[in-house]
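The structure that follows is given in the form of structure tokens.
All values below were derived from every heavy atom in this structure, side-chain atoms included, with hydrogens, water molecules and symmetry-related copies excluded.
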Amino acid sequence: HGNRTGNGGTEFVFGGTGGSGGGIFNEGEMLVENCIISGNETGDGGDGLGGYNAFDEEWDGDDFYGDYGYYGEDDFLEVDGRGGVGGRGGGICNVGDLVVRGATIVGNLTGIGGDGRNNPFGDDDEPGLTEPGGPGGPGGGGGGIFNIGTLEVLNTTITGNSTGTGGEGKGVDPSPGVGGIGGGFVQFGGLAVIENSTISGNTTSTGKRFGGSGAGCFFGGGTVTLRNVTVAENQTGEGDFRGGSAGGVYHYGGDITLRN
């Protein structure tokens with residue numbers, strides 16, 4: 001109860017990702033039985049630092065590797081200062097093999113997205129105001145559980161969990177970050193079976209542009225089976241442009257089976 005992961009910093013110009021798994025981060029084999037996982041939070045995404053001359057120095061001639069790949073001189077001059085992603089899995093982040101049985105996962109929260117930063121191109125008097133700046137980072141996904149591994153959830157209640165808001169964008173025509181997806185549960189890849197369980201009263205956050213989608217569950221990949229599962233009274237967040245979609249289940253990708 002009451003655990004929190006660290007915030008993301010800044011890697012060259014990009015905001016770093018907040019730490020994942022507020023209560024539990026599993027990359028091995030694990031059984032969670034008859035436990036309460038509550039009141040945990042993941043870290044916020046780091047703010048972008050800016051584009052060219054971010055460290056008040058010239059490019060030194062060496063390529064470097066960052067979260068978004070390899071970069072050289074042209075990238076050094078033109079890359080935006082995007083905000084980092086909020087940490088994933090407020091209650092649990094699973095990348096291994098996990099069984100959750102007879103548990104209550106309640107009141108957990110993912111981190112907010114980092115703010116973008118102005119790209120310092122443009123007039124001497126108005127640096128960064130005549131060129132696109134960095135987009136805001138999205139809020140963390142999976143207020144209750146974030147899964148990309150192998151997961152069984154049996155006789156468990158996932159309730160009252162929330163995701164973080166998206167960060168602010170900067171510069172001309174800024175692109176704000178979206179609210180975190182999947183208030184209760186997020187699956188991206190891997191295999192999950194949820195059986196004889198309840199996913200209720202979870203929320204996704206507001207977004208500066210789009211509210212978070214999939215307040216109960218967001219399925220973006222892998223294979224998922226829900227058997228005798230109640231998904232009820234979940235709520236997506238508002239957005240300045242568009243509110244989040246799918247108060248219950250959002251199916252974006254992968255194979256999903258719902259059975260009573």
- Smallest separation among heavy atoms of T163 and T110, with atom names: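 Scanning both residues completely, I find the closest heavy atoms to be CA-OG1, 3.0 Å.
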- Of the non-hydrogen atoms in T42 and R88, which two are nearest, and what is the gap between them?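 The pair with the smallest heavy-atom distance is CG2-O, 3.5 Å.
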- Measure the CD1-CG distance between I194 and N155 for me, rounded to the nearest 0.5 Å.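 So the CD1 of I194 and the CG of N155 are separated by 12.5 Å.
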- Task: Would you name the heavy atoms of I148 and F188 that are closest together and state the gap between them?
- Result: CG2-O, 2.6 Å
- Task: Specify the closest pair of heavy atoms between A192 and F185, including all atoms of both residues, with the distance to one decimal.
- Result: CB-CZ, 4.1 Å
- Measure from the side-chain N and O atoms of T204 to the backbone N and O of A215, and report whether any donor-acceptor pair falls under 3.5 Å.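 No, the answer is negative, given that no donor and acceptor are paired below the 3.5 Å cut-off.
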- Query: Between CG of L226 and SG of C217, what distance do you get to the nearest 0.5 Å?
  - Reply: 5.5 Å
- Task: Considering non-hydrogen atoms only, spot the tightest contact between T150 and N94 and give its length.
- Result: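 Smallest heavy-atom distance, with atoms named: O-ND2, 3.3 Å.
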- Query: Yes or no on salt bridge (charged side-chain N to carboxylate O under 4.0 Å, His left out) for R4 and D44, after CA distance, side-chain angles and deciding distance?
  - Reply: CA-CA 10 Å; R4 192 181 193 279; D44 301 333; 3.6 Å; yes
- Task: Report yes or no: does N40 contribute a side-chain atom to a donor-acceptor pair with the main-chain N or O of N3 at less than 3.5 Å?
- Result: yes
- Does any N or O in the side chain of N161 come within less than 3.5 Å of the main-chain N or O of L109, such that one atom is a donor and the other an acceptor? no
- Spell out, as yes or no, whether a donor-acceptor pair under 3.5 Å connects the side chain of N234 to the backbone of G201. yes
- Query: What pairs of residues pass the side-chain hydrogen bond (donor to acceptor under 3.5 Å, both in side chains) test when at least one of them lies in residues 178-201, not counting sequence neighbours?
  - Reply: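 Those involving residues 178-201 are N147-Q187, E195-R227, N196-N228.
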- Item | S162-T203 side chain donor-acceptor pair, cut-off 3.5 Å |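 The answer is yes; a qualifying pair exists.
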- Query: What about F210 and F241, are their ring centers closer than 6.0 Å?
  - Reply: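 Distance test on ring centres: under 6.0 Å, yes.
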- Item | Distance-minimising heavy-atom pair for Y250 and G214 |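 Of all heavy-atom pairs spanning Y250 and G214, the closest is CB-CA, 3.8 Å.
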